[in-house]
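Shown next, in structure tokens, is the structure this report addresses.
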Amino acid sequence: MKLKRFEALSLQEALQAVKAELGPDAVIVSSRRIQKAGGLFGLLSQSVIEVTAAVDRATQTPEVEPAVTLDRSLQALIKRQMPVASPARDLPKVKKEPTFSEQLQVASVLDPVNQHLHEMKEEIQRLRESQKDPELALGPLRQELEGLRIVVGEVLGSQMHKRVEGLPGDLLDDYQTLVGHGVDSQLAHRLLRSVVETLGTVGMSNREAVTSLLRERMEDDLAVSNPSVSRVYGQKIMMLVGPTGVGKTTTIAKLAGMARQQDEHQKTVLITLDTYRVAAVEQLRVFAKILKIPLEVAVSHQDFLQCLGRHQEADLILIDTAGRSPKDQTGHHELVAMTRGTLKIETHLVLAAQVAESVQMETLRRYQSLPIHKVIVTKLDEASTFGGLYNVLSQAGIPVSYLSAGQRVPEDLEAATRKRLVELVWGDQPAGVPAGQASLVEVAH
Ligand SMILES: Nc1nc2c(ncn2[C@@H]2O[C@H](COP(=O)(O)OP(=O)(O)OP(=O)(O)O)[C@@H](O)[C@H]2O)c(=O)[nH]1
Ligand SMILES: [Mg+2]
């Protein structure tokens with residue numbers, strides 16, 4: 001390890017000298033501004049920057065934590081600045097040290113700022129010593145300070161971003177794509193780091209291996225589970241719950257149609273608890289009529305239990321519920337009571353893909369009391385990016401059962417797969433389900 005001290009009029013000049021003498025692997029151990037005596041009898045002093053730099057000749061890698069030590073007031077300024085101007089606030093902490101050229105870039109902006117602050121401090125001192133009203137002179141100084149605050153914030157923001165960009169190889173592109181598609185930046189970074197850790201530096205050059213491992217890791221974060229709608233597995237009771245208009249009733253019709261396509265002898269029964277709106281019952285009645293399956297309307301908990309009792313021979317019972325506003329506590333409590341009392345019911349929470357991530361998280365939180373066994377995602381065709389959905393699903397950990405991507409009954413419903421969900425995040429395929437045979441029911445709303 002070689003340590004050397006450099007002096008120059010500006011930090012930028014000092015760093016150039018460090019680079020010229022110690023090479024690009026040098027790290028800055030400290031830097032400070034000092035008053036240097038000079039001229040006749042040392043009477044003419046001037047302010048210079050003293051930089052201490054180190055380089056490890058043997059390994060060319062620094063052992064010392066590199067740090068650009070800044071003027072105290074600038075440090076305080078940066079500290080205050082960080083929570084305010086933090087374009088990279090969500091970015092993960094990456095343990096990659098800044099390179100020499102990065103330090104140089106920061107220094108080239110921060111040094112004039114540092115110098116400016118120094119002058120401002122002297123100006124304030126002069127004001128204190130003078131008898132003038134300090135408020136009159138402080139106005140312009142405050143304005144200058146605000147300008148500096150913005151500059152420092154921008155520089156720090158861009159440098160922090162570069163650190164994340166320091167991910168090896170093509171991973172920076174992957175990171176940007178994922179975050180651009182709405183994947184949480186911390187989550188994207190964790191995924192990419194895990195790929196780097198598994199493949200190592202050598203493996204990272206194999207682009208195919210990187211892509212496939214990254215997708216595999218993303219799939220690992222998701223859970224899917226398709227209920228086997230088949231007579232072989234005994235009676236299945238599925239209840240669809242969720243906010244208003246997310247597609248519960250349409251999905252019930254799709255599930256009934258899908259079951260019919262799979263096995264025309266399967267006995268399916270529809271029960272609706274949605275007596276909240278007259279039109280809701282009529283909507284399901286139309287589907288039931290076309291599919292030629294019975295529809296029961298349950299107006300109370302007692303009624304509901306009787307309906308279930310009457311259809312013990314049915315292979316599949318699909319229960320539609322009313323979409324409730326978040327404020328409708330009574331309706332929600334009724335639903336909780338019904339699902340708790342009947343253990344066989346599998347509850348599927350329906351989420352619409354185009355809805356904001358924060359709203360979906362809130363919906364999940366609200367329906368936690370039911371409990372929720374599966375999630376159905378609808379309206380994939382109306383969403384443009386799926387990163388937010390990926391954040392929600394990976395965080396919730398609830399298996400996804402079905403995906404719906406259109407209004408056609410039943411074609412626009414597919415069993416969820418982790419592969420498909422990850423493909424959606426990357427924007428590989430259009431969200432719509434590929435057109436199959438003719439619609440069982442053409443839905444007109
Ligand atoms: N684009 C698109 N529209 C859908 C999808 N699923 C349902 N819809 C439409 O969304 C609208 C609302 O669907 P419903 O099935 O009535 O929704 P709901 O959740 O039962 O609504 P409420 O009973 O009022 O809570 C209808 O126009 C459906 O055709 C889908 O996957 N994609
Ligand atoms: Mg409905």
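Counting starts at 1 for both ligands and their atoms, following the listed order.
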>> Regarding E296 and R310, does a basic nitrogen lie under 4.0 Å from an acidic carboxylate oxygen?
In response: yes
> How far apart are the closest heavy atoms of K248 and V241, and which atoms are they?
Replying inline: CD-C, 3.6 Å
> Do any nitrogen or oxygen atoms of T321 come within less than 3.5 Å of a nitrogen or oxygen of ligand 1?
Replying inline: no
> side chain to side chain contact (heavy atoms under 4.5 Å, CB included) with A279: which residues, sequence neighbours excluded?
Replying inline: R277
>> Salt bridge check, K236 against E346: does any charged N sit closer than 4.0 Å to a carboxylate O?
In response: yes
>> Quick check: G245 and ligand 1, any N/O pair under 3.5 Å apart?
In response: yes
>> Looking only at distances, can you tell me whether any N or O atom of L380, backbone or side chain, sits closer than 3.5 Å to an N or O atom of ligand 1?
In response: no
> Can you list the atoms of ligand 1 that are under 4.0 Å from a heavy atom of G323?
Replying inline: 25 (O)
>> Between the side chains of R207 and D173, is the shortest nitrogen-to-carboxylate-oxygen separation below 4.0 Å, so that they form an ion pair?
In response: no
> Near E382, which atoms of ligand 1 are under 4.0 Å from a heavy atom of that residue?
Replying inline: 1 (N), 2 (C), 3 (N)
>> Is it the case that ligand 1 has an N or O less than 3.5 angstrom from some N or O of D320?
In response: no
>> Going by the rule salt bridge (charged side-chain N to carboxylate O under 4.0 Å, His left out), which residues pair with E423 if we only count those two or more places apart in sequence or in a different chain?
In response: K419
> S401 and H348: side-chain donor and acceptor closer than 3.5 Å?
Replying inline: yes
> For ligand 1, which atoms sit closer than 4.0 Å to a heavy atom of K248?
Replying inline: 15 (O), 17 (O), 18 (P), 19 (O), 20 (O), 21 (O), 22 (P), 25 (O)
>> Whether R420 and D428 form a salt bridge (side-chain N of Lys/Arg under 4.0 Å from carboxylate O of Asp/Glu) is what I want to check.
In response: no
> Taking distance alone, with no angle check, do T378 and ligand 1 share an N/O pair under 3.5 Å?
Replying inline: no
> Do you know which two heavy atoms are closest between V210 and G203, and how far apart they sit?
Replying inline: CG2-O, 4.3 Å
> Strictly under 4.0 Å, does any heavy atom of A280 approach an atom of ligand 1?
Replying inline: no
> Excluding waters, which protein N, O or S atoms are within less than 2.8 Å of the Mg ion (ligand 2)?
Replying inline: T249 OG1
> What atoms of ligand 1 come closer than 4.0 angstrom to any heavy atom of A405?
Replying inline: 31 (O)
>> I'd like to know if V246 contacts ligand 1, where contact means a heavy-atom distance under 4.0 Å to any ligand atom.
In response: yes
> Can you name the closest pair of heavy atoms from Y367 and I372 and give their distance?
Replying inline: O-CG1, 3.4 Å
> For T321, which residues count as a side-chain hydrogen bond (donor to acceptor under 3.5 Å, both in side chains) partner, sequence neighbours excluded?
Replying inline: none
> With only distance considered, is Q283 within less than 3.5 Å of ligand 1 through an N or O on each side?
Replying inline: yes
>> Looking at every heavy atom in both Q360 and V392, which two are closest together, and how far apart are they?
In response: OE1-CG2, 3.7 Å
> How long is the gap from OG on S394 to CG on L187, to the nearest 0.5 Å?
Replying inline: 5.0 Å
>> My understanding is that we take every heavy atom of each candidate and find the minimum distance to atom 5 (C) of ligand 1. Doing that for G406, G247, P243, which one comes out nearest?
In response: G406
>> Only heavy atoms of D274, strictly under 4.0 Å: list the atoms of ligand 1 that pass.
In response: 23 (O)
